[in-house]
**Q** 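Have a look at this one before I ask anything.
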Amino acid sequence: MPELPEVETVRRGLAPWVEDATILSVRLNRPDLRFPFPEGLAAALEGRVVTAVRRRAKYLLMDLSDGRTLLSHLGMTGSWRFAEHPIDKPPRYYEPGTEPRHDHMIWELSHPRHGRSHLIYADPRRFGFIDLYDDVSTSPYLQGLGPEPLGNEFNAAALARAFRGRKAPIKAALLDQRVVAGLGNIYVAEALHRAHILPTIAAGTLVRADGRPKKALEDLANGVREVLIAAIEVGGSTIRDFRSVEGAGYFQHNFAVYDREGDPCPTPLCPGVVHRIVQSGRSTFFCPVCQKAP
DNA sequence: CCTACAACCTGACTGC
DNA sequence: TGCAGTCAGGTTGTAG
């Protein structure tokens, strides 16, 4: 899935075209994604205006004119895109026999300035999901999420509070959405490399005995922020099948370590080579020379 | 509290 | 060309 930069890229791509648009019709091509679609989803959406497109962690939130909010998670392979073809006679979405297999939900939109369009949610692996709330802040998915890494509450002190006493490897701890919300396998690897921290060390070793953060945690908080900002600036990463609303992102060309096993470490003057190990079943990429224990 | 692993799915790629 | 095996950006639940 899309991690935070990819979801933010999707949000920015959707917002200008979807905010203020009326959902004229909703077509569901199957009953479920990872979970069943909410009861009466199509009827609940039809006739509503989308008033805002927001993001929290890796969740996309669409506020509706009746006060409800649609929450969507893209899983590993979910995407929102507009139909490429001209919209003439809805609801004839595709030529017979040419319908893409994974276009699971299609909205017909009418926008006061941009006119009509079809917005499609596709998801080959169907790890994504959609839900609808009267008050989205009550959604169990949003409960317990850590701070937004680009918000004011995220800093070294927040990391120190979360990591104090924890023996889990720092890589696993950063993937924990309760610690900081929105990081995934790619950006954890990149942030740890920027901060020159070995992914295998226990998270608690970055906290001083008095509970205050060691210098390395300042570097880590900065590394997280910097890598996310840099990725958002170029539209996120496009690997395998991720696409933003408007097309490809380019951050994959800037990976320092992710999926670069055997490549020279890009840290200036570092003679190291990128290694790959497996931690809790997932690949970790790092440089064993310039990434160290504190 | 911790780790490992399986499960949910399809598609892309590798090696034989 | 085909086929089996492996791996993939996430989350959740289980067992140990």
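Below, chain A is the first sequence line, B the second, and so on; all start at residue 1.
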**Q** Atom pairs, N/O to N/O, protein against nucleotides 1-4 of chain B, distance under 3.5 Å?
**A**
{"from": "dC2(B)", "atom 1": "OP1", "to": "Arg166(A)", "atom 2": "NE", "distance (Å)": "3.3"}
{"from": "dC2(B)", "atom 1": "OP1", "to": "Lys167(A)", "atom 2": "N", "distance (Å)": "3.3"}
{"from": "dC2(B)", "atom 1": "OP2", "to": "Arg166(A)", "atom 2": "NE", "distance (Å)": "3.3"}
{"from": "dT3(B)", "atom 1": "OP1", "to": "Pro169(A)", "atom 2": "N", "distance (Å)": "3.3"}
{"from": "dA4(B)", "atom 1": "OP2", "to": "Ser280(A)", "atom 2": "N", "distance (Å)": "3.4"}

**Q** Checking Asp20(A) side chain against Thr51(A) main chain: does a donor-acceptor pair fall under 3.5 Å?
**A**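 Looks like no, no N/O pair under 3.5 Å.
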**Q** Atom CG of Asp131(A) and atom P of dG10(C): how far apart are they, to the nearest Å?
**A** 21 Å
**Q** Say we look at dG2(C) and dC9(B): how far apart would their C1' atoms be, to the nearest angstrom?
**A** 23 Å
**Q** Hey, does the side chain of Arg126(A) come within less than 4.0 Å of dT10(B)'s phosphate (OP1/OP2), counting only N and O?
**A** yes
**Q** Could you state the CG-P distance from Leu174(A) to dG10(C), rounded to the nearest angstrom?
**A**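 Rounded to whole Å, this separation is 13 Å.
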**Q** Consider only side-chain N and O atoms of Gln279(A) and Thr284(A), and report whether a donor and an acceptor are under 3.5 Å apart.
**A**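 The answer is yes; a qualifying pair exists.
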**Q** Which of these passes side-chain contact (heavy atoms from CB on, under 4.5 Å) with Met105(A): Asp123(A), Ile130(A), Leu119(A), Asn29(A)?
**A** Ile130(A)
**Q** Compare the ring of Phe127(A) with the six-membered ring in the base of dC8(B) and state whether they stack (centres under 5.5 Å, planes under 30°).
**A** yes
**Q** Does any donor-acceptor pair link the side chain of Arg101(A) with the base of dT10(B) at a separation under 3.5 Å?
**A**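 When only heavy-atom distances are counted, Arg101(A) does not reach the base of dT10(B) through any donor-acceptor pair under 3.5 Å.
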**Q** With no hydrogens and no angle check, just 3.5 Å: does a side-chain donor-acceptor pair link Gln252(A) and Ser237(A)?
**A** no
**Q** Measure centre to centre between the rings of Tyr141(A) and Phe129(A), then say whether the value is under 6.0 Å.
**A**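 That pair passes the under 6.0 Å test.
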**Q** Tyr141(A) near the nucleic acid: base, sugar-phosphate alone, or nothing, with a heavy-atom cut-off under 4.0 Å?
**A** sugar-phosphate
**Q** Provide, to the nearest angstrom, the distance between the CZ atom belonging to Arg282(A) and the C1' atom belonging to dT11(C).
**A**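 The answer, rounded to whole Å, is 9 Å.
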**Q** Where along residues 195-203 of chain A does a heavy atom come under 4.0 Å from DNA chain B, residue by residue in number order?
**A** none
**Q** In this structure, how many angstroms lie between the P atom of dT12(C) and the CG atom of Leu33(A), rounded?
**A**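 Those two atoms, CG and P, are 15 Å apart.
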**Q** Using whole Å, report how far CZ of Arg34(A) lies from C1' of dC9(B).
**A** 11 Å
**Q** Donor-acceptor pair, Ser283(A) side chain versus Val278(A) backbone, under 3.5 Å?
**A**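 Flag not set: sc Ser283(A) to bb Val278(A) has no pair under 3.5 Å.
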**Q** If we ignore hydrogens and angles and just use 3.5 Å, is the side chain of Glu3(A) paired with the main-chain N or O of Gly184(A) as donor and acceptor?
**A**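 Yes, the answer is positive, given that a donor and an acceptor are paired below the 3.5 Å cut-off.
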**Q** Roughly, in whole Å, what's the span from CG in Asp123(A) to P in dA8(C)?
**A**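 Going from Asp123(A) (CG) to dA8(C) (P), I get 18 Å.
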**Q** Within this structure, what is the NE2-to-P distance between His104(A) and dC9(B), rounded to whole angstrom?
**A**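 Distance check: His104(A) NE2 to dC9(B) P gives 11 Å.
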**Q** Tell me if a side-chain donor or acceptor on Glu148(A) pairs with a main-chain N or O of Ala57(A) at a distance below 3.5 Å.
**A** yes
**Q** With hydrogens left out and only the distance checked, is there a donor-acceptor pair under 3.5 Å joining Arg125(A)'s side chain and the base of dC9(B)?
**A**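 Yes, the side chain and the base share a sub-3.5 Å donor-acceptor pair.
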**Q** Measure the distance from CG on Asn185(A) to C1' on dC7(C) and round it to the nearest whole Å.
**A**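 Rounding to the nearest Å, CG of Asn185(A) and C1' of dC7(C) are 12 Å apart.
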**Q** Could you tell me whether the phosphate oxygens of dG11(B), OP1 or OP2, come under 4.0 Å of any side-chain nitrogen or oxygen in Thr77(A)?
**A** no
**Q** Under 3.5 Å, side chain of Glu190(A) to main-chain N/O of Ala256(A), donor-acceptor pair present?
**A** yes
**Q** Going by an N to O cut-off under 4.0 Å, is there a salt bridge joining Arg81(A) and Asp103(A)?
**A**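 Yes, this pair counts.
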**Q** Searching all strands shown, indicate the nucleotide that pairs with dC7(C) (Watson-Crick or G-U wobble; both distances under 3.5 Å).
**A**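 Across all strands, the one nucleotide that pairs with dC7(C) is dG11(B).
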**Q** Rounding to an integer number of angstrom, what distance separates dG5(C) and dA6(B) when you compare their P atoms?
**A**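 Straight-line distance between the two P atoms is 16 Å.
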**Q** If the cut-off is 4.0 Å, is His102(A) near the phosphate of dG11(B), judged by side-chain N/O to OP1 or OP2?
**A** yes
